[in-house]
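Computed from heavy atoms alone, side chains included, the values below leave out hydrogens, waters and symmetry copies.
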Amino acid sequence: MSTLEPTRRQALRALPAVLLAGAGTAAGAADDPSLAAAECVIPAKAGGGFDLTCALARDGLQVVRPSRPPLGQRFLPGGIGAVAFDRIATGRMGGPAILVAFSSGSLLNIAQGRFGPHSPSAARWIAALGTDYGVIAVHRDSPYRSLQDLMAVVRQEPSKVVFGAGGTVGSQDWVKAALLLRAAGRDHKSMRFVSFEGGGDALSALQGKHVDVFPGDAAEALQAIAGGAAVRILAVLSDAALGGGLAGIPTARAQKVDLAWPTVRGVYMSADVAEAAARGWIDAFAEAMAAPGYPALRERHRLYPFSLTGAALEDHVMASLARYKDVAADLGLRRWGR
C-alpha cells in the first residue's frame, strides 16, 4: 500500500467537517450581512465628507469583523446625495449589501424635498459614526486673515466676496454662507455663490483662486490641507474650541459671529431590507464604535465624537428634519415638490 494512502483517508474523513464549517460561515454571512462582502456608496465626487464617512465605516468594521472582505467604496455623484437617495427609495438600488453615506446636509435637503418626493422612512438609518463641523476657509494667500476681516468686507459690499462649496441654493454649505451674511446684517439674497458637486471640487476651486471663501466642513478642509492644499481656516462653526486638527482655530462665536453648524456623518440603507439584516449592520457598527481603538480611528478620519445607532438615530433624524424645515422656512427656501 502506498504511504500516501493513510494521509488521503485522513483528508477524506476531515472533508465533511471542513464543508460543514464553510457552510456555517456562509450561513452566518447570509443571516448577518456585516460578515459578507458589501459596498458603501459615496454620493458625491472624491475628496469630500462622504468619502471620509465610507472610509471610516470600512476601517471601523474591519477592526471588529477582521475576516470580512473590506467594505467596498463606490462613487455615485448627483445632487450631493439626491441620486443615491432616489435610487434607494425607488428600489433601483438597495439590498442588505448596500450602505450609503449621509450627513446633516442630506437631512437638510430631505427636509426641503430636494431629494425627491420620498419620505425619510424610505431609508433605514443605521449608524452615526461621528460629527464634523462647518468651517469658513480661504486661500492661504487671502487678504482675509480673520473672520472679522471677512465680515468687514461682507458688511460693506457683499458682492465683492465669492463663496464656493458643495451643493446649490438651499444646500448645507449654502445655508452656512447665507447665515454668515445675515450675521453681517446683509440680505443673503445678495450673496454670490458658486456650486460644486462636493467639497473636493470646491476646495480645488478655492486653491485655484476661482472662489474666495469655502463655507464647507472641517474634515474635508483638513484632508485637503494635509495633502498640501493652500487653504487656511478662519473659523470653525462649533460651540466651543476643538482639539485635534482644529486645535488653535477660533470658533466663529469667539470672533463675535453667532454661528455654529455641526455636521453628523453616518450611513443608511434601504428600508426594504429584512429586519435581521438591518439589525446585523446596526449591531456591527455599535460594536465598532464601542471598540477601544475607535476614538483614534475616528480622529484619524478627522471627525469628532457622536455615536448613535438604531432607534436613537431614528429619533435624531426626525428631530433634525423638523429643525431644518424651520431653518429653510426662515431663509425663504421653497419646499420642493409642492
Side-chain angles (χ1 to χ4, degrees), residues 49 103-105 107-109 111-112 130-138 142-167 169-193 199 202 206 211-222 231-265 302-306 316 319-333:
S103 72
S104 296
L107 303 181
L108 175 65
N109 283 328
Q112 297 176 67
T131 191
D132 203 348
Y133 289 93
V135 293
I136 305 300
V138 296
S142 169
Y144 308 125
R145 308 303 297 180
S146 70
L147 184 59
Q148 281 300 332
D149 289 345
L150 172 62
M151 295 297 280
V153 174
V154 171
R155 287 189 191 100
Q156 182 179 0
E157 193 172 350
S159 63
K160 277 189 171 181
V161 180
V162 180
F163 293 87
V169 173
S171 68
Q172 172 175 249
D173 292 346
W174 181 92
V175 168
K176 293 174 201 167
L179 293 175
L180 194 69
L181 261 74
R182 277 202 167 184
R186 303 303 301 230
D187 185 347
H188 63 276
K189 294 177 182 176
S190 65
M191 174 174 58
R192 294 174 65 190
F193 185 90
L206 181 69
V211 298
D212 302 313
V213 180
F214 171 69
D217 286 321
E220 52 198 7
L222 290 172
V231 174
R232 181 157 41 84
I233 299 175
L234 299 182
V236 57
L237 307 184
S238 57
D239 290 322
L242 300 171
L246 295 171
I249 297 175
T251 66
R253 286 176 172 166
Q255 299 177 76
K256 298 181 171 54
V257 178
D258 189 16
L259 178 56
W261 195 276
T263 302
V264 172
R265 297 198 176 280
R302 302 177 177 88
L303 296 181
Y304 291 83
F306 191 89
H316 172 80
S320 297
L321 290 171
R323 183 171 67 255
Y324 291 144
K325 284 178 183 176
D326 291 342
V327 170
D330 187 49
L331 290 172
L333 297 168

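- A donor-acceptor pair under 3.5 Å is absent between the side-chain atoms of Thr263 and the main chain of Ser104, judged by distance alone.
- Of all non-hydrogen atoms in Ser171 and Asn109, the two that sit nearest each other are CA-OD1, 4.0 Å.
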Quiz item: What do the steps show when you test Ile249 against Tyr133 for side-chain contact (heavy atoms from CB on, under 4.5 Å), and what is the final call?
Solution: CA-CA 12 Å; Ile249 297 175; Tyr133 289 93; over 6 Å; no

Practice problem: Walk me through it: do Tyr144 and Arg232 pass the test side-chain contact (heavy atoms from CB on, under 4.5 Å)? | Solution: CA-CA 10 Å; Tyr144 308 125; Arg232 181 157 41 84; 5.9 Å; no

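- Pairing each heavy atom of Phe193 with each of Pro215, the nearest pair is CE1-CG, 4.4 Å.
- With rounding to the nearest 0.5 angstrom, the CZ atom of Phe214 is 12.5 Å from the CG atom of Leu234.
- Remark: Lys256 NZ to Thr251 OG1 distance equals 10.5 Å, nearest 0.5 Å.
- For Asp239, the side chain to side chain contact (heavy atoms under 4.5 Å, CB included) criterion is met by Arg253, Ala260, not counting sequence neighbours.
- Closest of all the heavy-atom pairs between Gln112 and Ala328 is CG-CB, 3.8 Å.
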Side-chain donor-acceptor pairs under 3.5 Å in residues 175-182, sequence neighbours left out?
residue, atom, partner, partner atom, Å
Lys176, NZ, Asp173, OD1, 2.9
Lys176, NZ, Gly216, O, 2.8
Lys176, NZ, Asp217, OD1, 2.8
Arg182, NH1, Asp330, OD2, 2.7
Arg182, NH2, Asp330, O, 2.8

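- Val236 and Leu242 make their closest contact through CG2-CD1, 3.9 Å (heavy atoms, listed as atom of the first residue, atom of the second, distance).
- Rounding to the nearest 0.5 Å places CZ of Arg323 at 10.0 Å from CG of Leu108.
- Shortest non-hydrogen contact noted between Gly49 and Glu220 is N-OE1, 3.1 Å.
- With values rounded to the nearest 0.5 angstrom, Leu237 atom CG is found 11.0 Å from Asp258 atom CG.
- Checked by atom type and distance alone, the side chain of Arg302 never pairs as donor or acceptor with a backbone atom of Gly244 at under 3.5 Å.
- Within the 3.5 Å criterion, the main-chain N or O of Gly105 finds no donor-acceptor partner in the side chain of Tyr324.
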Which pairs of donor and acceptor atoms, one on a side chain in residues 148-166, lie under 3.5 Å apart (sequence neighbours left out)?
residue, atom, partner, partner atom, Å
Gln148, NE2, Gln255, O, 2.4
Asp149, OD2, Arg145, N, 2.9
Asp149, OD2, Ser146, N, 3.3

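- With respect to Val231, the side chain to side chain contact (heavy atoms under 4.5 Å, CB included) criterion is satisfied by exactly one of Leu206, Val138, Leu222: Leu206.
- In this structure, Ile233 CD1 and Leu246 CG are separated by 5.5 Å, a value rounded to the nearest 0.5 Å.
- Closest approach of Leu333 to Gly170, counting heavy atoms only: CD1-CA, 3.7 Å.
- Atoms OG1 and CG, on Thr131 and Leu303 in that order, are 7.5 Å from each other to the nearest 0.5 Å.
- Of the possible polar contacts, none joining the Arg265 side chain to the Asp132 backbone as a donor-acceptor pair under 3.5 Å is found.
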